[in-house]
Amino acid sequence: QVRLVESGGGLVQAGGSLRLSCAASGSIFSTNAMAWYCQAPGKQRELVAAITSGGNTNYTDFVKGRFTISRDNAKNTVYLQINSLKPEETAVYYCNAEFLDYGLVSKLSSWGQGTQVSVSS
């Protein structure tokens, strides 16, 4: 069983910044790719950024240059620094992780509860 706990969300004004964290815990031998998603009201959940265990990153076009994903492998934690926030980026932000369990079986984690990011104009 693997648990993801996201934190760091809040209410900010347009142009503001937040740093989100997501900690994975449980039966984890190691984590592989980790990613952040967002889900705005009435919309589907979509990928924001991803990072491999080696630190290679990938971003969706609308966040390039403003969002930075990073990770601490020793803590099985992924971060998302979000700058220059826009009101339309108000959403719940979720993380996800591919991991190896103690049987060295590759699995995908279930979703955490997410963290709410609200951006006022």
Side-chain angles (χ1 to χ4, degrees):
Q1 192 80 358
V2 171
R3 182 182 182 212
L4 298 177
V5 178
E6 299 97 336
S7 62
L11 173 64
V12 296
Q13 291 186 332
S17 299
L18 287 170
R19 188 180 190 232
L20 309 183
S21 299
C22 171
S25 62
S27 301
I28 300 173
F29 177 78
S30 66
T31 50
N32 297 326
M34 302 184 81
W36 284 98
Y37 293 74
C38 68
Q39 187 168 16
K43 295 187 177 181
Q44 289 188 333
R45 194 169 301 181
E46 57 181 336
L47 179 66
V48 173
I51 185 169
T52 67
S53 58
N56 293 319
T57 59
N58 187 42
Y59 299 91
T60 192
D61 285 344
F62 68 83
V63 306
K64 285 181 180 178
R66 297 187 298 117
F67 289 19
T68 302
I69 189 170
S70 61
R71 62 188 290 165
D72 184 332
N73 290 335
K75 297 180 179 179
N76 290 326
T77 298
V78 62
Y79 306 97
L80 187 68
Q81 177 69 41
I82 46 180
N83 300 324
S84 303
L85 276 160
K86 305 174 182 179
E88 56 266 35
E89 289 168 340
T90 292
V92 180
Y93 285 72
Y94 300 88
C95 70
N96 202 271
E98 293 176 350
F99 65 96
L100 292 178
D101 65 12
Y102 289 121
L104 302 184
V105 176
S106 180
K107 295 181 178 178
L108 188 64
S109 66
S110 55
W111 297 104
Q113 83 289 347
T115 186
Q116 175 72 48
V117 172
S118 299
V119 186
S120 63
S121 58

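As a basis for the values below, the full set of heavy atoms in this structure was taken, side chains included, without hydrogen atoms, waters or symmetry mates. Numbering starts at 1 and runs along the sequence shown.
- In this structure, OG on Ser27 lies 7.5 Å from CG on Asp101, to the nearest 0.5 angstrom.
- The distance from atom CE of Met34 to atom CG of Leu80, rounded to the nearest 0.5 Å, is 12.0 Å.
- Taking every heavy atom of both residues into account, Tyr59 and Ala49 meet most closely at CD2-CB, 3.5 Å.
- Between atom OG of residue Ser121 and atom NZ of residue Lys86 there is a gap of 14.5 Å, rounded to the nearest 0.5 Å.
- In the hydrophobic clustering of this structure, Phe62 groups with Ile69; members are Ile, Leu, Val, Met, Phe, Trp, Tyr whose side-chain heavy atoms approach within less than 4.5 Å, directly or through other members.
- At a cut-off of 3.5 Å, with distance as the only test, a side-chain donor of Arg71 or Thr31 sits close to an acceptor on the other residue.
- Scanning both residues, Ser84 and Ser17, for their nearest heavy atoms gives N-OG, 4.2 Å.
- Checked against the 6.0 Å centroid threshold, Trp111 and Tyr37 count as a close aromatic pair.
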Item checked: Trace of the side-chain contact (heavy atoms from CB on, under 4.5 Å) decision for Leu18 with Val12 -> CA-CA 8 Å; Leu18 287 170; Val12 296; 3.7 Å; yes

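- Using a cutoff of 4.0 Å between basic side-chain nitrogens and carboxylate oxygens, Arg66 and Glu89 are scored as salt-bridged.
- At a threshold of 4.5 Å between non-hydrogen side-chain atoms, the residues Ile51 and Val78 count as touching.
- Here Asn83 contributes atom CG and Thr68 contributes atom OG1; the two are 6.5 Å apart, rounded to the nearest 0.5 Å.
- Between the Glu98 side chain and the Ser106 main chain, no donor and acceptor come within less than 3.5 Å of each other.
- Distance alone, capped at 3.5 Å, is enough to place a donor-acceptor pair between the Thr77 side chain and the Lys75 backbone.
- Taking 4.5 Å as the limit, some side-chain heavy atom of Phe99 sits within range of a side-chain heavy atom of Lys107.
- Tracing side-chain contacts under 4.5 Å through hydrophobic residues (I, L, V, M, F, W, Y), one never reaches Tyr102 starting from Ile28; they form parts of separate clusters.
- Rounding to the nearest 0.5 Å gives a distance of 4.5 Å between CG of Leu108 and CG of Asn96.
- Scanning all heavy atoms of the two residues, the minimum distance from Gly8 to Thr115 falls at N-OG1, 3.9 Å.
- Between Leu4 and Ser109, the shortest heavy-atom contact is CD1-OG, 3.2 Å.
- A donor-acceptor pair is defined here as one N or O able to donate and one able to accept, closer than 3.5 Å; no such pair exists between the side chain of Tyr79 and the backbone of Asp72.
- Remark: side-chain polar atoms of Glu6 are not paired, donor with acceptor, to backbone N or O of Ser21 under 3.5 angstrom.
- For the atom pair CZ of Phe29 and CG of Leu104, the computed distance is 5.5 Å after rounding to the nearest 0.5 Å.
- Counting all heavy atoms, side chain and backbone alike, Cys38 lies closest to Ala91 at CB-CB, 4.0 Å.
- Side-chain contact between Leu20 and Gln81: absent, with no pair of heavy atoms (C-beta onward) separated by less than 4.5 Å.
- Note on ring orientation: taking the six-membered ring where Trp is involved, the planes of Phe67 and Tyr93 are tilted (angle from 30° to 60°).
- Closest of all the heavy-atom pairs between Tyr94 and Arg45 is CZ-NH2, 3.4 Å.
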Checklist line | Trace of the side chain to side chain donor-acceptor pair (under 3.5 Å) decision for Ser53 with Asn32 | finding: CA-CA 5 Å; Ser53 58; Asn32 297 326; 4.8 Å; no

